[in-house]
Each structure stands twice: as structure tokens, then as C-alpha cells.
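Below is one structure; the comments refer to it alone.
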Amino acid sequence: MNAAAPASTSAFIEAASPHVMNTYGRLPIALSHGQGCRVWDVNGKSYLDGLGGIAVNTLGHNHPRLVPALQDQIGKIIHSSNYYHVPGQEVLAAKLVELSGLTNVFFCCTGLEANEAALKLARKFGHDRGIERPEIVVYEKAFHGRSIATLSATGNAKVQAGFGPLVEGFIRVPLNDIEALKKATAGNPNVVAVFFETIQGEGGINPMRVDYLQQVRKLCDEQNWLMMVDEVQCGMGRTGKWFAHQWAGILPDVMPLAKGLGSGVPIGAVVAGPRAANIFQPGNHGTTFGGNPLAMRAGIETIRIMEEDGLIANASKVGAHLKAALERELAGVDGFHEVRGQGLMLGVDLTKPCGALVQRACDKGRPISVTADTVVRLVPPLILTTAEADEIVDILVPLIKQFLSE
Ligand SMILES: Cc1ncc(COP(=O)(O)O)c(C=O)c1O
């Protein structure tokens with residue numbers, strides 16, 4: 001499958017758009033279509049997609065069962081409004097409840113909206129208990145989104161710069177340090193929740209350790225705090241379990257989801273357990289688009305296909321293969337630090353800033369991203385095969401080696 005680009009399209013890409021706001025440092029590429037894990041740009045060049053729309057395209061591109069299901073839904077009803085019941089919300093919520101062990105779901109459209117809803121839940125949880133100035137524990141290097149509240153929860157000065165005053169009520173702690181968490185919250189009656197990514201994505205693929213997750217769960221139980229896990233990037237099967245915290249055998253109280261849940265159709269969800277499920281009452285929270293029939297169908301079909309095709313097991317298997325290959329090929333190379341992450345959420349940490357690799361990898365047909373300056377991030381579709389993983393390694397490793405030798 002290959003489409004020739006109209007000449008005018010490539011000319012358009014070379015010139016910066018005068019009309020779209022200048023919010024992204026974009027590569028001079030526009031994708032025209034995809035098939036499986038491969039995408040083609042408007043000039044006909046093909047790429048093996050190591051980025052999956054930033055952990056979004058769970059089923060790859062043009063999936064033979066997802067696309068007809070979405071076409072069917074579009075032909076019936078795209079949007080209705082939350083003035084009415086949306087049957088798809090009941091179906092998808094029931095599925096997310098079954099997979100997570102939690103009890104109730106609120107639907108929205110993006111990751112930051114899911115996190116914003118989680119933050120509101122935590123604050124109201126406090127207010128309902130008479131805490132007038134609730135405080136929420138958040139983490140160094142965290143990324144939770146770019147609304148004013150979620151960028152305040154984010155632990156990245158670059159994301160926050162220029163947008164003060166930030167929202168108050170956050171206490172920031174380092175990762176994987178239970179004593180630091182206890183010390184930062186000691187004797188503070190206003191703490192209501194601990195909020196973190198089970199594996200930090202934008203912060204450089206930094207996993208929370210299993211024993212740390214278990215200790216946080218215990219502390220939240222002892223203190224009557226909500227444990228809120230942002231699984232927007234690491235959830236939905238990417239790590240080889242439906243949700244990354246499940247590796248620790250714990251249940252959170254609140255879990256925001258988005259990205260991979262709709263395989264490309266915008267969708268977000270906040271899944272809550274018994275302690276958080278009834279905090280919102282009619283009028284406390286809402287959204288126009290959230291939970292619309294098209295997004296619900298995308299979520300339902302994505303999960304159905306993941307189950308039918310064993311994509312969780314595939315993420316585990318191909319992810320382990322990819323990680324082992326990267327570790328083997330880069331072992332001993334000066335400037336290579338480590339490969340972090342699990343399943344198909346991997347970061348190759350180098351000892352020097354490597355943003356230049358993004359363009360070079362794209363030129364070679366292997367789109368990647370770089371996070372936290374030094375980490376090459378791979379979050380491909382969960383349908384990636386081991387042969388395709390090898391194709392990524394075959395191109396990426398020489399590029400990294402060359403870059404580190406410069
Ligand atoms: C862990 C995490 N939370 C929240 C967000 C924000 O999601 P969105 O861009 O859909 O608002 C992101 C996006 O990268 C993320 O990785």
C-alpha cells in the first residue's frame with residue numbers, strides 16, 4: 001500500500017503553517033496512511049512505527065476489525081450528549097470494571113481531563129471529610145498533562161514555565177523512597193491522596209518499584225488517603241498486564257486512563273474503586289464530548305480485539321524480546337546507560353542529550369521520541385511482531401552507536 005503525494009502537499013509541509021498555533025517542534029513529515037505497524041508519509045516514504053502516536057495506536061493502523069466497527073458506529077450515531085444514557089458507556093464501564101477490579105467509571109476525552117477529574121475527586125474526598133485545604137502528594141519528574149491543575153501536578157519546570165501562579169495543594173516527593181513520602185506528609189492532616197504514574201512516561205520511563213507500590217498502598221490504607229495511579233501512558237496492556245500497577249498485586253482507588261484505550265479515537269476514563277466511586281454527585285463534574293457513542297465503540301472494540309488476539313501476551317513477549325536485543329546490542333557501548341520499562345513501553349537511557357536522534361531515526365524510517373533529554377522512547381502498537389522489533393533494533397542500534405561516538 002503506497003500513495004503518491006500531491007506535489008502541493010510536500011510544499012505545504014516545508015513551509016511553517018501561518019495559521020496553526022506554533023505549539024510543537026514538528027518534524028517536516030506528514031503521515032498519509034498506515035497499515036498495521038507501518039505508516040506512509042504524503043511523499044510515499046514508509047516508516048515502521050515505533051511510537052504508535054505516542055502510545056495511542058494500540059491496534060496499529062487501519063485495523064481490519066476496528067475500522068469497520070467504527071464505520072458502522074459513525075453510520076448510526078457519533079454523538080448524543082450526556083443528557084441521555086449512552087449504552088456504550090455501560091458496556092465499556094462494565095469491561096473496565098471487570099479488568100481492573102474497581103467499580104465505577106467516568107468518561108472524558110483526554111489524559112489531562114482524566115487526571116483533572118482525579119484531582120477533583122481527591123479534593124472533594126477531602127472536603128467531604130471536613131478538610132478545607134486538601135493536599136495531594138505528587139512526584140518529581142511526573143507528567144500529568146497541560147491544564148493549569150495537571151501542569152501544577154507535573155514535576156517539570158519547563159512545562160510549568162510561564163503559566164504561574166500554579167495551583168496550590170501539591171506536595172512533591174522523589175520516586176521509590178517511602179521514607180521521603182512519610183517525612184513529607186508527617187503530621188499533615190490535609191493530605192488526601194498520593195498521585196503518580198506507575199511507570200513515568202514523559203519523565204524518562206521511570207518505573208515505580210513493586211515493593212514501593214505495595215508500601216504506598218499500605219500507607220494510603222493506614223492514613224485513609226486515596227491511591228491514584230495515572231495509567232494514561234502505561235495502562236491498557238502496554239506493560240504486559242492490563243494495568244501496570246497489577247504487577248504489584250495491588251488495587252488503586254482511582255485510575256485515570258486515556259491514550260491506548262480508543263486505539264486513536266480520543267477517549268479518557270477515570271476508573272474508581274469503592275472509596276472514590278460515589279464522591280461525584282450530579283452537577284459535580286461533566287463534559288460535553290466525554291463518553292460519546294463513537295469513543296465508546298472505539299474503547300469496546302479495542303478491548304475486544306486485544307482479548308481475541310492475545311495482545312497483552314504479545315506486548316510481554318515482543319517487549320521482552322526488544323528489551324533483550326537492545327541491551328545485548330548496546331552492552332558496553334560508551335554512553336549507553338540502561339534500558340528501562342516493561343513490555344512495549346521502553347526507554348533507552350543514554351548519558352548525553354539525544355534529541356538529535358529523533359530526526360535521524362525518522363530519516364531512516366524508524367520514528368521514535370526522546371523524553372527527559374537522554375531517553376529514546378519506544379511505545380509502538382501492541383500488535384508489533386518480533387520480526388518488526390528486530391527491524392527497529394537493526395536501524396536504531398547503529399544510529400545510537402554512531403551518535404554516542406560523536
Ligand atoms: C502519564 C500521562 N498522563 C497524562 C498525560 C496527558 O494526556 P493528554 O495529552 O491526552 O492530555 C500524558 C500524556 O503524555 C501522560 O503520559
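For ligands, and for the atoms within them, numbers begin at 1 and follow the listed sequence.
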| request: Return yes if some donor-acceptor pair links the side-chain N/O of K124 with the main-chain N/O of I279 below 3.5 Å, else return no. | output: yes
| task | Hey, could you give me the CZ/OH distance between R38 and Y47, rounded to the nearest 0.5 Å? | result | 13.5 Å
| message | Under a 3.5 Å distance rule, please check whether D41 uses its side chain to pair with a backbone N or O of A30 as donor and acceptor. | response | no
| Pi-cation contact, F403 with K352 (under 6.0 Å, within 45°) | yes
| What protein heavy atom is closest to atom 7 (O) of ligand 1, reported as residue, atom name and distance in Å? | G111 CA, 3.3 Å
| query | Of all the atoms in ligand 1, which lie at a distance below 4.0 Å from a heavy atom belonging to T110? | reply | 10 (O), 11 (O)
| message | I'd like to check whether E197 has a polar contact with ligand 1, where a contact means an N/O of the residue lying under 3.5 Å from an N/O of the ligand. | response | no
| Between Q233 and Q200, is any side-chain donor less than 3.5 angstrom from a side-chain acceptor? | no
| task | Taking N62 for its side chain and H33 for its backbone only, find out whether a donor-acceptor pair lies under 3.5 Å. | result | no
| field | Location of contacts on T150 toward ligand 1, heavy atoms closer than 4.0 Å | value | neither
| remark: To atom 5 (C) of ligand 1, the nearest of I199, V232, T198 on a heavy-atom basis is V232
| query | Side chain or backbone of E202 under 4.0 Å from ligand 1, or both, or neither, by non-hydrogen atoms? | reply | side chain
| field | Any N or O of Q233 closer than 3.5 Å to N or O of ligand 1 | value | yes
| message | For the 3.5 Å polar cut-off, considering only N or O atoms, please tell me whether A258 and ligand 1 meet it. | response | no
| request: Record the part of L112 in heavy-atom contact with ligand 1 below 4.0 Å; permitted values are side chain, backbone, both and neither. | output: both
| Donor-acceptor pair, Q160 side chain versus T154 backbone, under 3.5 Å? | yes
| query | Under 4.0 angstrom from atom 11 (O) of ligand 1, is there any protein heavy atom? | reply | yes
| field | Those atoms of ligand 1 less than 4.0 Å from some heavy atom in N115 | value | 3 (N), 4 (C)
| query | What part of H144, side chain, backbone, both or neither, has a heavy atom within less than 4.0 angstrom of ligand 1? | reply | backbone
| Where does the angle between the aromatic ring planes of Y212 and Y139 fall among parallel (under 30°), tilted (30 to 60°) and perpendicular (over 60°)? | perpendicular
| field | Lys/Arg-Asp/Glu bridge criterion (N-O < 4.0 Å) met for R238, E231 | value | no
| task | Give the residue and atom name of whichever protein heavy atom lies nearest to atom 3 (N) of ligand 1, and the separation in Å to one decimal. | result | D230 OD2, 2.8 Å
| query | Which is it for K259 and ligand 1 at heavy atoms under 4.0 Å: side chain, backbone, both or neither? | reply | side chain
